[in-house]
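First the proteins, then the strands, lettered A, B, ... as listed; each starts at 1. Remember, predicted model here, so these are calculated numbers, not experimental data.
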Amino acid sequence: MSYSITEPSSRQKKVAGSLVILYAFITLVPLFWVFMTGFKTPPDSISYPPKILFTPSMEGYVNLFTTRTRVSPERLQQLPPPANFAEEIVRNRNMVIVGPSKYGERFLNSVIIGFGSTFLSIFLGTLAAYGFSRFKVPFKDDLLFFILSTRMMPPIAVAIPIFLMYRKLGLSDTHVGMILLYTAVNISLAVWLLKGFMDEIPLEYEEAALIDGYTRFQAFYKVVLPQAATGIASTAIFCLIFAWNEYAFAVLLTSGTAQTAPPFIPTIIGVGGLDWPAMAAGATIFLLPVLIFTVMLRKHLLRGITFGAVRK
Amino acid sequence: MSNFFSGLWRFRRGAWEMLATLIIAIGVFMLMQPFAMWAYTYSFITTLIGTVMFIVVSHFPD
Amino acid sequence: MAQILIKDLRKDFGDFTAVHASTFTVEDGEFFMLLGPSGCGKTTTLRMIAGLELPSSGEIHIGGKEVANLPASERDIAFVFQMFALYPHFNVRRNLSYPLISQGMKRSAVKARVQEVAKILDIESILNKPVGGLSGGDRQRVALGRAIVRDPQAFLMDEPLGALDAEFREHMAVELRALHERMNATTVYVTHDQLEAMQMGDKIVIMNEGQVEQFGTPQEVYNTPASLFVADFIGSPSMNLLPFSGSVEAGASKVDLGGVEFDMPVQREHCDESMVLGIRPENISLTDASSYRSRVLATEYLGTSQIVTLETNHGAVKARVGSSFDVSVGDQTGLAFDAGAITLFNAQTGKALQSVLHEGVSTNG
Amino acid sequence: MADVTLNTVSKSYGPGSEREFAVDSVSLEIANGSFNVLLGPTGAGKTTMLRLVAGLEKPDNGSIHIGDRDVTGDTPAQRNVAMVFQQYSLYPHLTVRENLAFPLKSPLLKTSPAEIKKRIAEVAEVLRISDKLDNKSIALSGGEMQRVSIGRALVRQPEVFLMDEPLSSLDAKLRSELRLELKRLQADLGATVLYVTHDQIEAMTMATQVGVLHDGKLVQHGSPREIYENPKSIYVASRLGLPRINTLPADFFAGAPTAAATIGMRPENIVIDSGQPGAKSGVVDRVEHLGDQTRLHITVQNHSLVTLIHPTLNIGRGDSVSLLPQSPLYFAADGSRVL
Amino acid sequence: MKLQRLASAALILGTGYAASPVMADDLTLCWAAWDPANALVELSKDFEAQSGHNMSFEFVPWPNFADRMLNELNSGGKLCDLLIGDSQWIGGGAEAGHYVKLNDFFDSEKISMDDFAPATVYAYSTWPKGTPNYYALPAMGDANGWFYRKDWFEREDLKAEYKAATGNELGEPKSQKELMEIAKFFQEREIDGKKVYGASIFTERGSEGITMGATSALYPWGFKYENTPGKYDMEGAVNSPEAVEALEFYKGLYDCCTPPGYTDSYMGESLDAFKSGQVAMAMNWFAFFPGLYADPDTGGDKIDFFVNPPQNQAGSTLGGQGISVIRYSENQDASLEYIKWFAQPDVQAKWWSMGGYSAHNSVLNDPGFKDSQPFAGDFLVAMDAVQDFWQEPAYAELLLAMQKRLHDYVVADKGTAKEALDALIEDWTEVFEDEGKL
Amino acid sequence: MSLDPVEQVARATPVTVAKKIRGLSDRAIAWIFVGPTILLLLAINIFPLIWTINLSFTNYKANRPNRPVEYVGLRNYERILNDSDIWLNMQATAHFLVWTIVFQVLIGFTLAWLINKKFKGNDLWTTIIVLPMMLSPAVVGNFWTFFYQPQIGLFNYVVGFFTGADPSSFEMLGSVDLAPWAIVIVDTWMWTPFVMLICLAGLRSIPNYIYEAAAIDRASKWRQFWTITLPMVLPFLMLAVLFRGIENFKMFDLVVQLTGGGPGSTTELASINLKREAFEKWRTGYSSAFAIILFVTVFGLASIYVKALNKVKER
């Protein structure tokens, strides 16, 4: 019998485990349902009672990536046989594909703006975090609070002046505008997180480098950066996820050219038969990277959500 | 409790921050409570006072 | 206060055995040291006595009552943790009251008792302070206070000075021992610091890899180590261990070390395997009269004495000589050993060979 | 190698009125090739002094010379000193070899790859870490790490070695081993070393010169023996020696000089049962058998004393003994030595 | 290394500019995402072939359309070169200068507004209303109408049952009240083993849905925005007894006869309810009718259409849009070229044939028009009696106030119809006061 | 060691480098590092904020650039703070805020407490539970509207399955009574893991020896929970509550996608109304005042939050 005061008994563990697993299932069911819906046909997706078993179909994905138009059966007859499976699925609904949908573009926008702003926030954030971590900056605490508080601001409220400013500067609905904006929002997280990571790198390393004949900048570059690499990487993922998921700014400040996926996905639904499978397919593709990143991040999750205050 | 009052008297950060926090909390409560319209009307100024006070007193010595 | 009796105590963690069948007795009122390097099972032993771990097998008697399978709360012992384990969200007074309130004592009685203990430990002035801001020493006192306040049958202490800095440790050790003199409570004290054990303990148990190596008073353990491990572990610098091969008969009183004969205590045991000769640094004298030659490698001045490191045919040997003794690096000198202080070990088993000197040496008590 | 001179160097920290001197106008000459230990408790200013010499801090006042160069305003890089830190001086993201090469690759030295290789090989040989060169530095044991740290300093061939408690994070056995090794290296290289510690054993065993610091001031500077046997103040006397020196009012025993307020007696310098006149009798509270020595805790007229006796003497608790000081040290009321 | 970083930073910044549409001859047309838009894509292929310009399209679903496009216009965005914007936007578009004034262009290209149906020109093109200042070319005529399950209406058993229950013949309703009667008849009726419901109507909260739906009841009852046009005297008009009755009727229709879950439904949901066979009747814009008719499952003989029934008078809610050139566009010439092309009678004819509702007289007045599609005749009838919402520059404020008051009353059961309309007058008064019009 | 070291250094250090190194004080370097971030934030946060304050005293409308702008003093604030409709928005916000926090704290703490039992595989399940909070709220809101469809939706079906009620007999999003709870449910599903993670960190920050000490001190499990576990997790819990409070006070994306504020104005949270005022009605001046009110509230809460953050950090 192995027993200790602080170690729960195996029975306790079993009970706790099963309750947690039960909750995990509650967590998973909606996600799983969305994933499945992506492979249903539109009629299957709205059947009552909801179908758990169904014949998988790529229709949702085809609809997601194409724009289609309805043609008369007569004309359908005259068309050459379908060139690919997508065409075939669409023809079955009396339609033809007229071109790609905007989803690809929006997804690409998400990627560009996501990575762009992440890069910029990490770049600026690393510098600032190093500055705050290592130097006596006047009003340091106030500056840090100010930086953090910018992240707490309601996006809609911030968007009002930004909208006017961007209109003046011609930055509305541009990638640059969105990258700058997301950078401004993300930089607080980046500074706080990275400062935490850098505080953990003992000062001695840099001092050793200084004595060894390196300048401050070189010491920063050769000694601090490599050691902060893990921290920088996880901070980057956090920034990326934020930019990836952001909706309010995107819906208010973009309309097409630089529009990201989140405001776009709800509009996939279409008119003339709500296209849930396409929406689900869009959501699935969009959520997948975040799911993967979350699993990668799980060790740093806590730091990320508490701005580095709580270490795990 | 007596610590709290002497802290206020001596302009110590802890006590004053507590007070400011309290005022902010009251302001936020007034903003969102479902009981009295007048409380809603004066919520903003209460929160504003609390917040400004917090910024000021956070520079008091510990 | 009570006697603690440990019998065949064993603890397994899965495949790993942390403590092998240990047996020893802590007499009533004794300051008892559990000494050993980290991972030797001393803390596990202590935790089993406390009831923080349940033993895999064996018996623990506290004050005549078999408690091996009772939870900690029913054993009536107090425990002082290495990290003090003060409740960080309480002030000093609440920390001290906690065990009393837990066992349902009346508030007024609690207050009086806390005051009393605070007086003993001289911490009355900090009773209302949060424990977070206290110095290491004060925390230590509060932790002790929390142990004392209950008036338990025994105190168990897990490296209580380990978290203090070196300067303060010395001071607290004296204070702790003085407290013991006053209260005379049975105390089991775990440490990895041999000096601390020697300084404070009435009795010492030395453990290694879950096994009890030796049991005895500090002097016994120092003078007559039961094994190579103990010889090396106790003392600073530790015992010089000179490996040699040869054979020793029971009754022999001389040993041949690389052609030089040394007197030694009369042996009670025969051994013809490879052996180790153990001699403490202060039992070596530098004299040209000896034919056992060596060269001085280094000298270290210590004020009261100096340590001379010498190169011999059997490896480096350290000798402790008077600080005024004139010796410098590179000198050639002979070495003489104090005949009564030599211990021979069987190099294979690591055990000391029985001799006149080693009568009564115990590996369990 | 070069000698180092500190000339009334001061350094203070803290805001306005609460400014405290970490180093208070210290002048010190460190001879070329000497092993200097700065000894003092936490907060005595010893690390600050080291950092001032390294250039990691700028002094408020005074000047620092290395060789005949005034380096007071120089950056650490310009001073050509090497420093071994208490811990963390190895870069965890680099291998041992890269760590050793790091100082050589600095923009100041820009050593050629061939030269780097050669020097690393030499140093690794000296420190017996040749087989560890390609390990990640975090994969090393504590002792190995500290050796590599020293190697990083050696490879530079600097003018001065600065060491900040390099052994304090190691366990006792390893510490005594490395102590000897360090001493040997220093002697072989003839290096100038400035070494900071709070461990009196390290100070006594390694130093050619010990500087005792107290509240930012250098109280005494001399050889270990000099400091132990001839302390300038009661403070210095109590820094060295284990157990600590016993202090009693000067008139406790007859024969004190008039200026003396305190008499200091090293534990080994108290004669037990001498039977001579002037001896005071006390009661033994506790006997500590430490093997190599036996300590007696004695109460003499409400004063506690610790003495050392030979382990073979058979004195037990409650015995009464008579005590007489042998070559005692006398101190004035301000703590200074009365000769 | 540092240089590399800078370079990549510049690259990322650069993509922002590179992605902006600056290439000439590449026109973007913005519209709502619905059936007619797909038709326009097909139609525009001719333009691409003729002009060499490249057309791309930005279609936004209706619930987001106004939001997104007005945002785009107000931010001075360059996303759209051409915009088919809602009729109510004309005022704001003209006043804030989002739209290019087309008079000179029309004159020089000999495009006459007389060639288009007057109601559409009035509603879709002019600002101030009724003056010859044109900011758009009528592109898509539209009104709110109804369609129903002809197959169910024609089932003898149901007909008999309906007759027995109400004493009337089951057929296209002739009045709003009859519409409700029919809807009640179908509500929760079991047809082919499936529970069906009466009617699907607009209840959407976010954009304009419930206003468009409720005005389809309000107009036939005789609802007026003002007592005297142009005076903004709303008291007694907006909350007239007829208006109150009409609103109560609409709520009644919502409460009695709509399928569950249709609390926030607009065009998409309406179509969905119909296509999935849940409802007997549904309200929607004429624009969808070609698509509905062509639907293989519920179209063809299974469907028929009727104009929004009159009550005290005939009245339909106006939809439809004109096409405008955006002033921020860098391709205004090419955009105008598109409009010129689009205004040609034969293009307009093709437009109608492909599913778009031309407003061109040559199409509408064609003798064959009425019978060209089952809903063509209804369309003409509807367009004769259309009314539009406020066409004020502050229309959004007016609309959103109405959305709130109507939804609060109809769906969220808050207060009475009178209270809702009174509150609406208050809201509107405030808006007009801010505007300086009161 | 052939070269004199002094010589060596002197040769290796070019004069310009030496000067440069000497020329840049630590303070200058600090500003080089910190400056760009501060500048960016000044440009994209502070300047606009000041602008907003200025606008809040005007009757400006962003969709009417040609209309004369007048300063109206505090009129916008007066209107907002005397508007009972906006007060109702605030109450809806409060309902959402209070209940999400209550549920998230209860469920989150319980989950953390269970996970802290360290059963086998708890890491894996924790990661799975955490997934929802990392997702895009807009997309989450969007697909939950699908689950909430009365006839075809999974939610109604599951509830119907377990309670026997007709799934189409209730409308989570369309009914005045249920809609406020519908958004609470989704927010709880999404953000409970957040509270759980922080509670877990709190629980794990309690060293085992504290419990051992308590056991030695003869405290019962019950007493241990109330006197040790709870008080020691409390700062963490505060942090979670404050953060969720701030986040839900400014909640927009999730609820917009779920109900859009409906039915009627039942779930019209402050941000949703603000968006309507600012970007649909384009009453820029008025909504700037509204924004400032939200700003100040959030800023006040954020100050408290940072205070709590530092408290936890000291652990």
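Per-residue heavy-atom pair counts under 4.5 Å with chain A were compared for F/Thr297, F/Asn156, F/Ile46, F/Val298, and the maximum is reached by F/Val298. With chain A as partner, the option from F/Trp31, F/Phe290, F/Phe249, F/Tyr305 having the largest number of non-hydrogen pairs under 4.5 angstrom is F/Tyr305. Of all the listed residues (F/Thr127, F/Leu131, F/Leu154), the one sharing the greatest number of non-hydrogen pairs under 4.5 Å with chain A is F/Leu154. When each of F/Trp125, F/Phe143, F/Phe146 is scored by its heavy-atom pairs under 4.5 Å with chain A, the top score falls to F/Phe146.
With a 4.5 Å cut-off on non-hydrogen atoms, A/Leu291 touches chain F through its backbone and its side chain both. With a 4.5 Å cut-off on non-hydrogen atoms, F/Val158 does not touch chain A at all. For F/Ile38, the part lying near chain A is the side chain, with the backbone staying farther off; criterion is any non-hydrogen pair under 4.5 Å. Only the side chain of F/Ile246 comes within contact range of chain A, with at least one heavy atom under 4.5 Å from a heavy atom of that chain. Interface remark: A/Tyr166 contributes side-chain atoms only to the contact with chain F (heavy atom separation under 4.5 Å). For F/Leu239, the part lying near chain A is the side chain, with the backbone staying farther off; criterion is any non-hydrogen pair under 4.5 Å. Residue F/Asp253 touches chain A through both its backbone and its side chain, counting heavy-atom pairs closer than 4.5 Å. The part of F/Leu55 that comes within reach of chain A is its side chain, from C-beta onward, which places non-hydrogen atoms under 4.5 angstrom from that chain. Heavy-atom distances place the backbone of F/Thr188, and not its side chain, under 4.5 Å from chain A.
Between F/Trp144 and F/Tyr148, the two ring planes are tilted [angle within 30° to 60°]. Ring geometry, A/Phe249 versus A/Tyr182: the interplanar angle falls from 30° to 60°, so the pair is classed tilted. In this structure, A/Phe163 and F/Trp282 have tilted ring planes: the angle between them lies in the 30° to 60° band.
Taking the centre and axis of the six-membered ring of A/Phe293, the NZ or CZ atom of A/Arg298 falls outside the cone set by 45° and 6.0 Å. Remark: A/Lys40 is positioned above the aromatic ring of A/Trp33, its terminal NZ or CZ atom under 6.0 angstrom from the ring centre and at most 45 degrees off the axis.
No more than 12 heavy atoms of other residues, nucleotides or ligands shown are found within 6.0 angstrom of CH2 on F/Trp113.
Taking the six-membered ring for Trp and the full ring otherwise, A/Phe145 and F/Phe299 have centroids separated by under 6.0 Å. Separation of the F/Phe194 and F/Phe243 ring centroids falls under the 6.0 Å cut-off.
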